[in-house]
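Below is one structure, written out as structure tokens; the observations come after it.
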Amino acid sequence: MKKTYLQIHPKDNVLVALQDLEKGHEIEFQGDRFELKERVTAKHKFTTQAMVKDQEVLMYGLLVGKVNYDLEKGVRLTTDNLRHAAEPYSLGERKVEWEKPDVSAFSNRTFLGFHRDNGKIGTANYWLVIPMVFCENRNVLTLKASMLDKLGYANNTKNYTQEVDTLIKAYQEGKGIEEITQLDLSPSNLSAPKERIFENVDGVKFLTHEMGCGGTRMDADALCGLLAGYIVHPNVAGATILSLGCQNAQVETLKEEIAKRDANFTKPLYVFEQQQLGKERNLIHEALKHTFAGLTIANKQTREPAPLKELCVGLECGGSDGFSGISANPVLGYLSDMVVTLGGSVILSEFPELCGVEQEMSDRCQTEEMANKFMSLMTTYNAKAEEQGSGFYMNPSPGNIRDGLITDAIKSAGAAKKGGTSPVVQVADYPNLANKPGLNLLCTPGNDVESTTAEVGAGANVVLFTTGLGTPTGNPIAPVIKVSSNTALYNRMPDIIDYNTGAIIEGDKTIQECAHELLDYVIAVASGEVKAKAVALGQDDFIPWKRGVSL
């Protein structure tokens with residue numbers, strides 16, 4: 001008989017419903033029997049004992065909240081009866097001993113990657129077109145409209161022009177509103193995809209953003225650092241840069257940031273400044289010619305075998321639910337430990353979602369210096385949030401709360417599982433590199449796109465992204481692999497989700513089994529043999545983190 005509820009950690013004084021449990025459902029727990037006082041839907045938590053006002057609630061063996069008033073045994077926890085609470089943290093002893101997983105099945109495995117001059121290995125081969133400032137977004141989009149289809153890359157971006165043609169035809173035929181809204185828009189005659197002109201180039205990615213001027217110099221410098229991270233990234237063959245000329249984010253700063261990340265940078269880099277070139281036509285013509293020339297260079301690159309230690313895996317979650325911390329995130333944690341054991345790198349970010357696990361993460365830092373840096377980043381970040389009338393405690397979204405993550409500490413305790421158990425080898429602030437072999441901590445927001453954008457800029461050549469509600473987020477240059485926490489989501493959004501860990505909730509697979517299957521999938525994606533769903537959808541989300549105020 002499959003379990004209907006679960007105690008995550010022996011210290012926990014709440015249970016998680018694994019399926020919808022009706023009022024009066026009998027619970028057997030630690031030799032006690034009691035009935036639920038109310039209906040508890042799947043993913044939500046309920047008390048295993050009577051609690052008095054301000055009593056601590058434990059999950060994952062950690063303090064995750066305090067009750068607001070007396071509660072009976074068998075009551076569902078809600079935002080009304082529970083508030084956020086977390087343990088204080090301080091510099092403790094180093095706890096860097098860990099049990100490495102068995103990776104014998106992968107010890108001799110390789111993936112097919114693009115070998116760059118600096119020794120890094122890419123899982124893809126892209127050309128970038130980047131504006132230094134939002135004033136150049138229109139020119140970037142003009143280049144995109146001119147080049148994407150002609151080069152055979154428009155097929156990477158799903159559009160619905162045939163469906164619009166059907167609606168126009170119905171309107172012209174005089175059909176009414178009700179008839180139009182009932183039309184079947186399934187396309188009948190799909191045109192054959194165009195062949196790529198450059199078969200070894202996975203795409204030309206046209207990034208846009210709303211920064212580069214008007215904000216603080218700190219934000220302008222951070223933008224240059226982020227863009228430099230993308231330009232030196234092993235998934236990128238070269239870049240075309242459009243600059244207006246007068247903006248805060250200067251090209252010289254960008255070049256300095258590139259040199260910090262790759263002192264012997266050799267990739268093609270073409271920079272065009274509109275205020276020097278004059279007419280828009282002059283700028284576009286120069287950018288077109290040089291980008292095309294760069295693509296001929298990039299096309300000479302081919303995939304070759306590389307050891308798995310060359311993987312740098314970004315760990316991300318978004319649209320999380322009450323199952324994320326017991327299925328999808330622990331699978332990523334086990335996989336993270338496997339990658340580290342194999343000599344690879346992993347990046348754990350989203351610092352607001354490490355609230356409540358600071359002591360564990362700081363204790364896992366290899367040195368006291370690292371631990372102090374981590375705690376300082378957490379403290380400073382939270383203080384700035386509170387200055388703006390918020391704080392880490394406000395991190396859970398309405399969707400998180402609806403599906404069982406009702407305090408930030410509950411969300412964080414589950415989110416931290418993505419980082420596995422290995423020691424922390426580096427603590428990096430945005431937008432710096434965080435790609436040392438081992439577990440890297442990178443200070444980013446909890447926002448899915450900002451964090452994913454930062455992880456890739458920090459060196460991740462593939463990103464694993466867990467979700468319980470369904471999130472279509474992707475990235476322009478790194479494949480983002482979606483991992484669902486529950487089978488219902490996997491079945492509902494098959495065009496979004498790559499891998500399902502819901503079998504763990506159902507008792508059909510173990511965390512280890514899923515981690516092995518997922519790593520097989522990662523290798524296939526990294527080799528270009530399988531296209532991640534976000535890549536197939538053309539989901540090229542790119543949002544730099546703006547930390548300062550606008551001026």
Side-chain angles (χ1 to χ4, degrees), residues 2-9 11-22 25 27 29 36 38-48 57-65 67 71 74-86 316-333 350 352-353 355-357 393 395-418 446 448 465-471 482-493 497 500-507 511 514:
K2 292 184 178 180
K3 293 182 178 180
T4 57
Y5 48 86
L6 173 71
Q7 183 188 35
I8 298 174
H9 189 278
K11 292 183 180 180
D12 294 357
N13 53 9
V14 294
L15 299 177
V16 182
L18 299 180
Q19 62 185 50
D20 293 347
L21 303 177
E22 300 302 325
H25 186 91
I27 304 297
F29 179 66
L36 292 179
E38 58 187 307
R39 187 172 188 266
V40 180
T41 53
K43 308 176 186 179
H44 282 264
K45 293 82 184 168
F46 57 90
T47 58
T48 61
V57 172
L58 304 179
M59 276 189 66
Y60 301 95
L62 301 170
L63 172 64
V64 296
V67 297
L71 297 178
V75 172
R76 181 171 70 94
L77 296 179
T78 68
T79 53
D80 177 63
N81 60 31
L82 184 70
R83 67 183 184 276
H84 169 80
E316 190 69 30
C317 58
S320 300
D321 70 347
F323 286 163
S324 294
I326 56 180
S327 59
N329 290 346
V331 168
L332 261 61
E350 300 177 290
E353 296 179 13
C355 175
V357 295
Y393 64 92
N395 180 265
S397 69
N400 294 150
I401 294 169
R402 186 182 62 243
D403 273 54
L405 302 179
I406 57 177
T407 72
D408 185 63
I410 291 177
K411 184 177 181 180
S412 296
K417 295 296 180 184
K418 301 192 301 293
D448 306 342
F465 189 117
T466 67
T467 181
L469 306 178
T471 305
K482 297 294 170 40
V483 181
S484 65
S485 69
N486 62 88
T487 302
L489 170 62
Y490 180 75
N491 292 334
R492 189 168 65 252
M493 303 180 77
I497 306 300
N500 175 40
T501 63
I504 295 170
I505 302 297
E506 293 145 15
I511 289 171
C514 287

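If you read the sequence from its start, that first residue is 1, and numbering goes on from there.
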Using side-chain contact (heavy atoms from CB on, under 4.5 Å), reason through Gln19 and Leu21 one step at a time and then give a plain yes or no.
CA-CA 6 Å; Gln19 62 185 50; Leu21 303 177; 4.1 Å; yes
Full working for side-chain contact (heavy atoms from CB on, under 4.5 Å) between Ile8 and Met59
CA-CA 7 Å; Ile8 298 174; Met59 276 189 66; 3.6 Å; yes
Looking at every non-hydrogen atom in both residues, tell me the closest pair between Gly404 and Ile410 and how far apart they are.
O-CG2, 4.3 Å
For Asp448 and Phe465, what are the C-alpha separation, side-chain angles and deciding distance, and is it a side-chain contact (heavy atoms from CB on, under 4.5 Å)?
CA-CA 9 Å; Asp448 306 342; Phe465 189 117; 3.9 Å; yes
4.5 Å side-chain heavy-atom contact, Leu489 and Leu469
no
Of the options Asp403, Asp321, Asn491, Thr501, which is the one that meets Asn486 in a side chain to side chain donor-acceptor pair (under 3.5 Å)?
Asp321
N/O donor-acceptor pair under 3.5 Å between Thr467 side chain and Gly319 backbone:
yes
If every non-hydrogen atom of Ala409 is compared with every non-hydrogen atom of Ala85, which pair is closest and at what distance?
CB-O, 3.6 Å
Exam field: side chain Thr471 to backbone Gly318, donor-acceptor pair closer than 3.5 Å:
yes
Taking side-chain contact (heavy atoms from CB on, under 4.5 Å) as the definition, give me every residue that meets it alongside Ala86, ordered by chain and number, with sequence neighbours left out.
His84
Check whether any side-chain heavy atom of Thr407 sits under 4.5 Å from a side-chain heavy atom of Leu77, and report yes or no.
no
Contact between Phe46 and Ile27 at the side-chain level, heavy atoms closer than 4.5 Å - yes or no?
yes
Please check if the side chain of Lys411 supplies one atom and the backbone of Glu353 the other of a donor-acceptor pair under 3.5 Å.
no
Could you tell me whether a side-chain N or O of Arg76 sits under 3.5 Å from a main-chain N or O of Lys45, the two making a donor and an acceptor?
no
Sequence-distant partners of Gln7, side-chain contact (heavy atoms from CB on, under 4.5 Å), two or more places apart
Asp12, Leu15, Phe29, Gln30
Nearest heavy-atom contact between Leu62 and Gly356 is CD1-O, 4.3 Å
Any side-chain to backbone donor/acceptor pair from Thr47 onto Gly74? Under 3.5 Å, distance only.
yes
Walk me through it: do Asn400 and Ser320 pass the test side chain to side chain donor-acceptor pair (under 3.5 Å)?
CA-CA 6 Å; Asn400 294 150; Ser320 300; 4.9 Å; no
What closest approach, in Å, do Tyr60 and Gly325 show between heavy atoms, and which atom pair accounts for it?
OH-CA, 3.2 Å
Using the side-chain contact (heavy atoms from CB on, under 4.5 Å) criterion, which residues pair with Thr466? Sequence neighbours excluded.
Cys317, Ala328, Asn329, Leu332, Lys418, Val483
Run the side-chain contact (heavy atoms from CB on, under 4.5 Å) check on Leu18 and Ile326 step by step: do they pass?
CA-CA 10 Å; Leu18 299 180; Ile326 56 180; 4.1 Å; yes
